[in-house]
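Counting starts at 1 for both ligands and their atoms, in listed order.
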Amino acid sequence: MSRPRSTPASPITTPPSTATAPVADAAAVQDFIAAGEILGSACFGCGPDVPHGLHIQRTGRDGTTAFAEFTVIPEHQGAPGLAHGGLLATAMDEILGTSAWLLGRRYVTGRLETDYLAPVPVGSLVHLRSWCKGVDGRKAYLEAEGRLGGPDGRVAVRAAALFIEVPLEHFTAKGTP
Ligand SMILES: CCCCCCCCCCCCCCCC(=O)SCCNC(=O)CCNC(=O)[C@H](O)C(C)(C)COP(=O)(O)OP(=O)(O)OC[C@H]1O[C@@H](n2cnc3c(N)ncnc32)[C@H](O)[C@@H]1OP(=O)(O)O
């Protein structure tokens with residue numbers, strides 16, 4: 001059996017040689033407030049009004065690196081006593097999206113790749129971190145991880161993603177359900 005790769009990224013989520021270093025936008029926090037007015041409080045990842053949502057709390061940022069945490073509750077269970085893998089991918093998506101928005105533009109997930117390295121028991125406090133590795137036109141290349149036992153504890157889940165910049169209308173225009 002081969003060992004896990006040192007990065008979760010496939011060629012699709014690896015920045016090409018033409019990518020530039022990410023630059024955090026100082027106005028992004030203000031943009032988040034405007035984004036919050038659009039997104040509301042119903043986000044499954046971070047919305048406070050979703051009864052069994054993840055209730056992810058953003059705890060800080062450093063450049064384009066975003067930090068957050070959430071607690072796995074019984075409603076998040078998959079296999080007995082353990083967090084559902086899809087739910088952990090959702091947590092990765094949320095923290096990746098937060099890092100992408102620190103770039104000061106509007107991004108959505110185009111591709112999400114997730115590695116599960118250790119089981120996450122119900123009751124765990126999961127420490128999330130995400131950072132941007134590069135930007136190439138509308139594409140942003142990001143990675144994320146979720147740790148147990150503290151912000152520098154064991155990595156239980158990690159992800160790589162390609163985010164695509166979109167116009168405001170992506171969120172405001174109503175398509176056909
Ligand atoms: C107090 C309140 C605080 C608020 C604080 C806010 C903070 C904010 C936190 C947000 C936290 C939530 C984070 C959740 C984030 C989601 O979960 S977003 C929801 C899930 N994602 C979606 O719904 C996206 C659905 N897909 C689409 O809408 C469209 O496919 C896209 C992604 C916009 C792209 O469509 P398009 O604009 O027509 O562009 P297109 O030409 O197809 O693609 C552009 C380029 O990207 C490439 N590409 C696109 N998709 C892919 C792919 N899957 N694989 C490879 N390449 C791809 C294309 O090949 C193309 O490449 P080039 O030809 O330019 O080289």
Around Q57, counting heavy atoms of other residues, nucleotides and ligands shown, do more than 12 lie under 6.0 Å from its CD? no
So the atoms of ligand 1 within less than 4.0 Å of a heavy atom of E94 turn out to be 11 (C), 12 (C)
So L54 and H76, do their side chains get closer than 4.5 Å, heavy atoms only? yes
By number and element, which atoms of ligand 1 are closer than 4.0 Å to a non-hydrogen atom of G110? 52 (C), 53 (N)
Could you list the atoms of ligand 1 found under 4.0 angstrom from a heavy atom of R138? 36 (P), 37 (O), 39 (O), 44 (C)
One finds that the ligand 1 atoms under 4.0 Å from a non-hydrogen atom of L162 are 55 (C), 56 (N), 57 (C)
With a 4.5 Å limit on heavy-atom distance, are the side chains of P8 and E113 in contact? no
Ligand-residue contact atoms, ligand 1 with W101, heavy atoms, under 4.0 Å: 8 (C)
Element-labelled atoms of ligand 1 that are located less than 4.0 Å from some non-hydrogen atom of H170: 28 (O)
Carboxylate-amine/guanidinium contact E143 K133, below 4.0 Å: yes
May I ask you to decide whether D152 forms a salt bridge with R129, counting only side-chain N to carboxylate O separations under 4.0 Å? yes
Is there side-chain contact between L102 and D25, with at least one heavy-atom pair below 4.5 Å? no
Geometry only, no angles: is R58 polar-contacting ligand 1 at N/O separations under 3.5 Å? no
At under 4.0 Å between heavy atoms, which part of D93 makes contact with ligand 1: side chain, backbone, both or neither? both
Would you indicate which of T90, T13, T109, L112 comes nearest to atom 22 (C) of ligand 1 when only heavy atoms are counted? T109
On a heavy-atom basis, I'd like to know which of K139, E165, R106 is closest to atom 47 (C) of ligand 1. K139
With salt bridge (charged side-chain N to carboxylate O under 4.0 Å, His left out) as the criterion, how do R58 and E94 come out once you've worked through the C-alpha distance, each side chain's angles and the decisive distance to 0.1 Å? CA-CA 10 Å; R58 296 184 177 89; E94 181 76 21; 2.7 Å; yes
Taking heavy atoms and a distance under 4.0 Å, where does I164 meet ligand 1: side chain, backbone, both or neither? side chain
Show the atoms of ligand 1 that are less than 4.0 angstrom away from any heavy atom in V166. 33 (C)
Any L128 side-chain heavy atom under 4.5 Å of E69 side chain: no
